[in-house]
Amino acid sequence: MLPLVLFDIDGTLLRTRGAGRQALDVAFLALHGWADATEGVHVAGSTDDAICRDVAARFGASWGAQKSEALRAVYSTELVRLLAPPERTEVLPGVAALLDALSGRAHIALLTGNWRSGAEAKLGAAGLWERFEWGVYSEDAWERDGLVPAARLAAEARGLVVGEVIVIGDTVADVRCARAGAARVVAVETGFCSPTDLALARPDLQVTTLADGLGWVVAMVVGG
Ligand SMILES: [Mg+2]
């Protein structure tokens, strides 16, 4: 029985210099005529479907799965276009080394508020998509707190017998969703929350980067 390590994407594995928000704005303008649609909407630690719902509320509109599906198609195409220049995507320090270190010692999966197509576009641009066999996405739970239970079910459906579950993420929302799913959590300071805010959320382990914290994270995962 191996532990299950669930990786957030934005701010944890990579950064795309706002490409996700930019692609959403393009899609909202194209399909709904809303300019600067995501302005003032909280995106870090949210899910893509929840972001859309919040954007729609800003414009006095309702939102649902069908609208998400149509928007997702435009968004994904735009995101792939924005991420074409290699310099747009930055893989964060220690990611490859940590994935190597956990290989064979833990089940690895994604836990992200991205739609699956967005996750594939971002990780594909970073050369990391092939490192993850499966994951849970915005399609699996509109609220982030539902993602760890969704990951447990997805692991079971794949026939995996999972021990402890550990979330690695960069926001207070990652710490909260880990707690909601009875998982342990590593907070990394390479993303969208200040070190102070992360510390106040009381993660089990907090590291400046996955490179600096590599030994600690591996010890936590394999040491139980
Ligand atoms: Mg993140």
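Just follow the structure's listing: the first ligand is 1, and inside any ligand the first atom is 1.
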Trainee: Dump the intermediate steps for salt bridge (charged side-chain N to carboxylate O under 4.0 Å, His left out) on R152 and E156, then the final yes or no.
Mentor: CA-CA 6 Å; R152 290 183 190 277; E156 204 179 299; over 6 Å; no
Trainee: How would you list all residue pairs meeting salt bridge (charged side-chain N to carboxylate O under 4.0 Å, His left out) that involve residues 73-86, not counting sequence neighbours?
Mentor: E78-R81
Trainee: In terms of side-chain geometry, is the basic nitrogen of E143 or R53 positioned less than 4.0 Å from the acidic oxygen of its partner?
Mentor: yes
Trainee: Which residue pairs satisfy the ring-ring contact (aromatic ring centres under 6.0 Å, His included) criterion with at least one member in residues 131-160, sequence neighbours excluded?
Mentor: F7-F132
Trainee: For a salt bridge (charged side-chain N to carboxylate O under 4.0 Å, His left out) with D174, tell me which candidate from R144, R184, R179 qualifies.
Mentor: R144
Trainee: If you leave out waters, which protein N, O or S atoms are less than 2.8 Å from the Mg ion (ligand 1)?
Mentor: D8 OD2, D10 O, D170 OD1
Trainee: Taking ring-ring contact (aromatic ring centres under 6.0 Å, His included) as the definition, give me every residue that meets it alongside H32, ordered by chain and number, with sequence neighbours left out.
Mentor: W34, W63
